[in-house]
Every structure is written in structure tokens, then in C-alpha cells.
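Contents: one structure, followed by commentary.
Counting starts at 1 for both ligands and their atoms, following the listed order.
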Amino acid sequence: MCGIVGYVGRRNAVSVLLRGLKMLEYRGYDSSGVAVHNGANLCVVKRAGRLCALEEALSTREVKGSCGIGHTRWATHGSATDQNAHPFVSSYGKFAVVHNGIVSNYLQIAAFLRERGVSLASDTDSEVIAHLIDYYYTGDVLSALCRALCDIKGSFALAVISVYEPHVLYGVRKDSPLVVGEGKKEFALCSDISGISDFCSRFCALQNGEVVRLSEEGAALFDFYGNPLPMRFENREKELFEDREEGVDDMLSEIRSIPASLRLGFEKFPKEELRAFLKEGFKEMLVLGCGSAYHAGLVFCEAMREVAEVCVRAEIASEFLTEKPCVGEGTLVIVVSQSGETADTLLAVERAKKCGAKILSVCNARASSLTRLSDFSLITRCGRERAVAATKSYVSQAQYLLLICLEYADITGKTNIDEVARLRREISLLSQKTESICRAEKRLEEVALGLKNAEAVFFLGRKGDLAAAKEGSLKLKEVSYLFSEAYPSGELKHGTLALMEKGVWCVVVATDPSLLQKNAATLSEVLCRGASAVVITAGSALEEAPADYVVTVPEADPVVSPLFSAVVMQYFAYFAAKARGCDVDKPRNLAKSVTVE
Ligand code: M6R
């Protein structure tokens with residue numbers, strides 16, 4: 001999973017590529033590099049580490065040219081070294097390639113090339129692509145590229161330049177996203193639109209099996225056999241909402257913008273269109289997603305059980321891929337994804353579709369691979385999320401899933417009109433109530449400082465509180481590297497209680513008033529064994545609980561409260577990570593968008 005960018009036009013390619021790579025760093029930040037045609041040769045500069053290492057290297061070298069490609073890497077094959085950084089060039093520097101995806105048969109191709117005298121310099125699956133194109137080159141770059149594509153298996157988005165064509169850039173897509181952008185007598189390629197949207201006005205999302213050739217003469221589209229296809233560009237609506245504070249970490253800025261995205265989300269929710277889609281009628285529902293998106297799905301399942309009295313399953317997309325698929329005609333699969341490009345999620349969608357299921361997606365990227373695969377899409381309105389940790393996107397997903405639940409309950413008549421109206425009003429107040437949590441930021445920082453040196457942190461809860469606890473735990477481990485686990489409170493005594501001792505912390509999520517006694521008991525169980533505890537409650541007797549910290553969230557229906565608890569725990573994660581000196585926006589080993597299986 002990486003980010004790729006390419007440019008051909010009249011500007012200085014290096015600065016365009018660096019700007020694009022900055023926007024793509026969320027896709028991986030183990031190394032980065034650029035290759036530019038300088039009129040005579042392909043000039044390559046690449047460095048392990050963050051983009052600033054590449055910028056520094058480029059500041060001491062003159063790399064001039066107006067056609068080039070760039071890459072930011074999340075290491076899968078081969079460690080994060082200069083040698084394994086992209087772009088890769090073929091033996092005599094004739095072709096340069098950047099790749100996002102995985103070449104699944106790279107060992108066979110490497111053996112094929114070695115037998116023909118080619119020596120490979122890296123441990124990656126990507127390097128073979130440059131050599132293979134070179135191997136097939138007999139005077140026509142497009143033909144060589146297409147011939148090579150016939151041999152490559154796996155998933156790939158590629159940007160390719162060659163020494164033979166100083167002003168031509170090629171892009172290829174198979175199962176990894178790639179967007180073509182058109183500016184003023186210039187073209188660009190990028191893994192997502194954000195990296196090129198400042199100077200491009202029209203865009204084309206390449207489809208699987210397409211190759212694009214970009215030059216001063218224009219853009220030409222081909223299939224993998226070199227047959228011409230009609231080129232299609234479309235204008236793109238600008239992001240509706242981009243609320244970012246200068247000089248503040250993205251994660252913090254994104255948490256602080258949750259009230260605004262909830263407000264916009266509520267206003268823009270396409271209720272009538274959704275109702276028309278749901279009226280089709282479905283026998284059963286399944287929710288699919290990964291990470292935080294899956295956790296948002298758990299909030300939905302709880303709401304469906306409580307409000308619509310329907311039992312809905314949520315499955316982790318990668319698990320769905322390995323199990324017997326229990327879906328078919330009449331199943332509505334609700335797919336949740338911020339990026340709409342998560343490989344496991346997309347593969348799961350394809351599998352569910354093959355079985356005859358209908359797809360409703362909740363996605364933050366309008367023109368993503370997921371929305372293209374869906375029968376109906378709801379676009380969350382939280383704007384671009386840059387920090388690797390999902391914060392505002394998770395809350396927006398949960399908000400839209402609750403609204404789906406209400407519409408479903410209303411249509412099926414499972415819930416009376418007054419109850420639906422009451423819950424709709426609760427959801428309309430989410431933004432305002434979350435503001436009060438954001439105002440208590442200082443207090444949440446205090447709590448985070450309390451648990452920052454914990455030996456382990458357990459997030460405990462029941463029902464909707466457990467769904468929130470799972471997200472709280474993921475957030476904390478992801479950005480602070482503290483060991484954490486979410487656990488159903490009632491299960492503690494069946495084993496995990498053995499781990500409670502001094503130095504261990506528990507975050508007891510206890511907002512559901514109907515569970516007051518049980519939650520109080522959980523708290524006593526962990527405290528009397530020496531663990532420290534934070535209680536998150538919503539105006540109950542637990543406000544006086546003998547915990548180390550008590551945090552009160554706004555009172556709400558138990559199906560809505562997980563959203564508030566989650567925001568509180570996002571703050572815990574952020575402040576604990578800061579206090580531990582972690583890079584909150586780019587945690588180690590991770591990337592924002594996981595586009596490999
Ligand atoms: O783009 P997606 O919502 O499909 O991404 C799913 C997960 O990779 C994502 O939620 C991940 O778990 C976050 N880093 C969690 O903060």
C-alpha cells in the first residue's frame with residue numbers, strides 16, 4: 001500500500017511531485033522517491049524515511065524536468081531502505097516505474113529475468129516491472145508496457161516514464177486506484193485526487209485493465225492489449241467541508257472538527273433516496289468493514305437490535321473473505337469504509353455481490369472504488385481525514401448508520417413514529433452535545449496523562465458501551481503503542497481478571513443507565529485487585545464512583561451514547577500518545593489506507 005503520482009506538462013515536475021506526495025503520505029511513509037526526465041536521462045532520487053528526507057536530498061541536487069513520477073511507500077516486500085524505495089529503473093536507466101499494490105508472481109518474473117542476465121537490486125516485488133518492460137521493448141513503449149502487463153499478476157497501479165519519450169507519462173490500473181487529472185496543457189496521475197486537485201480541473205478514475213498515455217498531444221486510453229478506448233474526463237465537485245487548524249496535529253484538529261462534521265452530515269443526509277432504496281425490502285442484513293469502520297458497524301448492530309428489533313451481524317471484511325459466505329439474494333450488505341479503497345473490504349464486497357447480495361455503502365470518498373461497486377452509497381460529510389487514526393470519520397459513519405437504522409425501523413413499522421422522532425431528535429443533537437466534550441479537552445488530557453504509563457489498558461463495557469470500548473482500545477494502541485484490549489465486562493471473571501494488578505488501567509465505559517449495577521460491580525472487581533480505573537458515564541450514580549477518574553458524557557439514548565464515549569477515548573489516545581512522544585498522525589508500521597490484502 002503506497003501512494004503514486006506522476007506529472008507531465010510545463011511546470012517543474014519535482015515540486016508538483018513533492019506536493020502530491022505530501023498529500024499521499026497517509027498511504028505510507030517508509031520511504032519516498034522521484035524520477036524525472038531531464039531531457040537526456042531519467043534522474044532518480046529516493047530515500048528511506050519520511051518525505052522530509054527526500055526533500056533534503058533534493059535540496060542538494062538539481063533535478064530539472066517537466067515529466068516525472070513519484071512514490072511514497074508502505075513496506076510490504078523488503079524493509080524500509082533506500083534500496084527498496086521506488087522509483088525503480090531498468091538496468092540501463094531506460095524505464096522508471098512506481099507501483100502501488102502487490103505483484104503476486106514477482107518471484108517467477110525475477111527468475112525469468114535473472115535467467116536472461118538481469119540483476120535485481122532490491123528485495124521488492126515492484127522492481128521486476130521496470131526490467132520486464134525494458135525486456136519487451138523493441139521500439140514502442142506502449143507495446144512493451146502492454147506486453148509486460150500480460151505477464152504481471154496481482155494488483156497494481158503504475159506510473160511509468162521512459163528515456164525514449166521525454167514528454168510522455170503512462171498510467172496503469174488493475175485493482176489499485178489511479179486517477180488521471182487534466183490541468184492547463186498538463187496532466188497528472190495520482191493514487192487519489194487530493195494529490196493533484198490543486199491544479200487539475202477534470203478527472204478520470206481509471207478502471208481495471210486500462211492504460212493511459214499522457215503527453216502534450218493529450219490523453220489517450222487503451223486496454224491492456226493496446227486497443228484504444230474512449231477517454232472520459234469529468235468535472236469534480238470540490239470537497240464540501242475541510243476544517244483544519246494550522247499548526248495543530250491533524251488528529252487533534254480532526255477530533256475538534258467532529259461537531260461541525262456531525263452538523264453537516266445531519267443536514268445532508270439523503271433520507272428520501274435512502275428510503276426509496278430500503279423499500280426494496282431485504283430478508284437480512286450484514287455489516288462489513290475493517291478497523292474503526294467495523295467498530296462503527298457494531299454500534300449499528302446494537303441499534304438495530306434495540307430500535308428495530310432485528311438481529312444484524314457485523315463481520316470484519318478479511319474474515320468474511322475466508323469464511324463460507326452466508327449471504328445471497330435478499331441480503332443487504334452494509335459496507336463501511338472511510339477511504340472506499342481498503343482492499344479487504346473491496347474484495348469482500350465483490351464476493352458478496354457474486355452471491356447476489358445488494359450493497360449499501362457508507363463511505364467518505366464519493367468517487368472511490370467502493371462507491372462504484374455499490375448499489376447505493378451514503379457519503380459521510382466529514383471531509384478529508386489525514387491522520388492515520390480514524391476519528392471524525394468513525395463518528396460520521398456511526399451517525400449515518402444510526403440514521404439508516406431509524407429509516408429502516410420507520411419503514412418496517414417495527415418502531416412507533418414517536419420513538420423514531422425522539423431518536424431522530426437525539427441524533428440531531430449529536431453535534432451540539434459533542435461540542436461540550438470538545439470544550440472539556442483539558443480535563444481529558446489530565447486523564448490521559450494519568451494512564452500514559454500504564455502497563456496495559458483494558459477497555460470494558462457491555463452492549464453499545466462495548467462497541468465504543470473496542471474503538472477506544474484500537475485508538476489507544478494505534479497511536480500511543482500502549483498495550484490495550486477491549487473486553488466485555490461480564491467476561492472478566494472468566495479469565496482476564498487474572499491480569500488485574502497495580503500498574504494496569506481499566507477504562508470502564510458505563511453510559512447505559514440500565515446497566516448501572518453491573519457496571520458498578522465491574523469497577524469494584526478491578527479496583528479491589530489493585531488496577532486503576534477511569535469511568536466514562538452519563539449522568540448516573542457512577543459519577544461518584546471511587547475510580548481514579550470519572551468522565552461524564554452528555555446524557556443520551558444508549559444507542560447514541562457510544563459516539564460520545566468514542567470521542568472521549570479519541571482524546572485519551574491523542575493526549576497519551578503526545579505525552580509518550582509518539583508521532584500521532586503517522587503511527588509506526590501503519591498507513592491510512594490499506595490497499596493490500
Ligand atoms: O478506509 P477504511 O475506513 O476502510 O479503513 C479501515 C481501517 O483501516 C481503519 O479504520 C483503521 O482501523 C484506522 N487506522 C483506525 O484508526
Side-chain angles (χ1 to χ4, degrees), residues 1 3 24-29 74 176-177 191-192 194 249-252 254-255 258 287-300 314-321 333-349 359 361-371 373-374 377-380 382-398 400-401 459 467-468 470-481 484 486 566-567 569-574 576-577 582-597:
M1 165 185 48
L24 292 179
E25 247 195 319
Y26 74 89
R27 301 176 72 90
Y29 33 82
W74 182 69
S176 290
S191 297
D192 89 39
S194 67
D249 289 320
D250 286 335
M251 184 177 173
L252 182 60
E254 287 162 4
I255 298 173
I258 288 173
V287 191
L288 289 175
C290 301
S292 298
Y294 163 71
H295 291 158
L298 295 178
V299 173
F300 175 73
E315 276 194 50
I316 293 171
S318 55
E319 288 295 300
F320 178 78
L321 285 174
V333 177
I334 302 182
V335 185
V336 190
S337 172
Q338 188 281 131
S339 61
E341 301 296 347
T342 301
D344 288 331
T345 306
L346 294 176
L347 290 169
V349 169
I359 309 293
S361 59
V362 176
C363 185
N364 200 33
R366 185 181 297 281
S368 56
S369 306
L370 175 58
T371 56
L373 285 171
S374 304
S377 297
L378 289 170
I379 307 299
T380 48
C382 64
R384 186 182 158 83
E385 189 174 62
R386 291 185 214 222
V388 166
T391 53
K392 59 179 183 174
S393 65
Y394 163 85
V395 180
S396 290
Q397 287 162 355
Y400 269 27
L401 288 166
F459 289 79
K470 291 192 175 178
E471 178 58 9
S473 169
L474 174 64
K475 216 83 318 176
L476 185 74
K477 66 172 73 121
E478 178 178 24
V479 296
S480 76
Y481 317 143
S484 79
V567 176
M569 292 182 281
Q570 290 170 0
Y571 273 116
F572 289 170
Y574 171 78
C582 304
D583 183 343
V584 282
D585 288 338
K586 297 188 179 68
R588 68 186 181 203
N589 307 338
L590 300 179
K592 179 77 182 155
S593 191
V594 187
T595 56
V596 290
E597 204 184 340

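Polar contact with ligand 1: absent for G291 (N/O pair, distance under 3.5 Å). At least one N or O atom of S337 sits closer than 3.5 Å to an N or O atom of ligand 1. Ligand 1 has a nitrogen or oxygen under 3.5 angstrom from a nitrogen or oxygen of S339. Residue L474 has no nitrogen or oxygen atom sitting less than 3.5 Å from a nitrogen or oxygen atom of ligand 1, judged on distance alone.
The atoms of ligand 1 that sit less than 4.0 Å from any heavy atom of K475 are 15 (C), 16 (O). For ligand 1, the atoms closer than 4.0 angstrom to any heavy atom of A390 are 15 (C), 16 (O). Atom numbering of ligand 1 starts at 1 in the shown order; those under 4.0 Å from a heavy atom of A389 are 16 (O).
Looking only at distances, a side-chain donor or acceptor of S484 sits under 3.5 Å from a matching main-chain atom of S473. The main-chain N or O of D250 is found under 3.5 Å from a side-chain atom of D585 such that the two form a donor-acceptor pair. Under the 3.5 Å distance criterion, the side-chain polar atoms of K392 are matched with a main-chain donor or acceptor of R384. At least one donor-acceptor pair under 3.5 Å links the side chain of K475 to the backbone N or O of A390. For the pair E254 (side chain) and T391 (backbone), a donor-acceptor distance under 3.5 Å is absent. A donor-acceptor pair under 3.5 Å links the side-chain atoms of S339 to the main chain of E341, judged by distance alone. Remark: side-chain polar atoms of Y394 are not paired, donor with acceptor, to backbone N or O of V567 under 3.5 angstrom.
When hydrogens are left out, the protein atom nearest atom 10 (O) of ligand 1 is S292 N, 3.1 Å; that is the closest non-hydrogen contact. Atom 7 (C) of ligand 1 has its closest protein heavy atom at C290 O, 3.6 Å. Here the heavy atom of the protein found nearest to atom 8 (O) of ligand 1 is V594 CG2, 4.1 Å. Looking at atom 5 (O) of ligand 1, its nearest protein heavy atom turns out to be T342 OG1, 3.5 Å. Nearest non-hydrogen protein atom to atom 3 (O) of ligand 1 is Q338 N, 2.6 Å.
Under 4.0 angstrom from ligand 1, there are no non-hydrogen atoms of E341.
Residue L590 comes nearest to E478 through the heavy atom pair CD1-CG, 3.4 Å, listed as atom of the first residue, atom of the second, then distance.
If you check each of Q397, K592, E478 against atom 16 (O) of ligand 1, the one with the closest non-hydrogen atom is E478.
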Open item on the list: Would V336 and V287 count as a side-chain contact (heavy atoms from CB on, under 4.5 Å) here? Give the steps.
Closed with: CA-CA 7 Å; V336 190; V287 191; 3.9 Å; yes

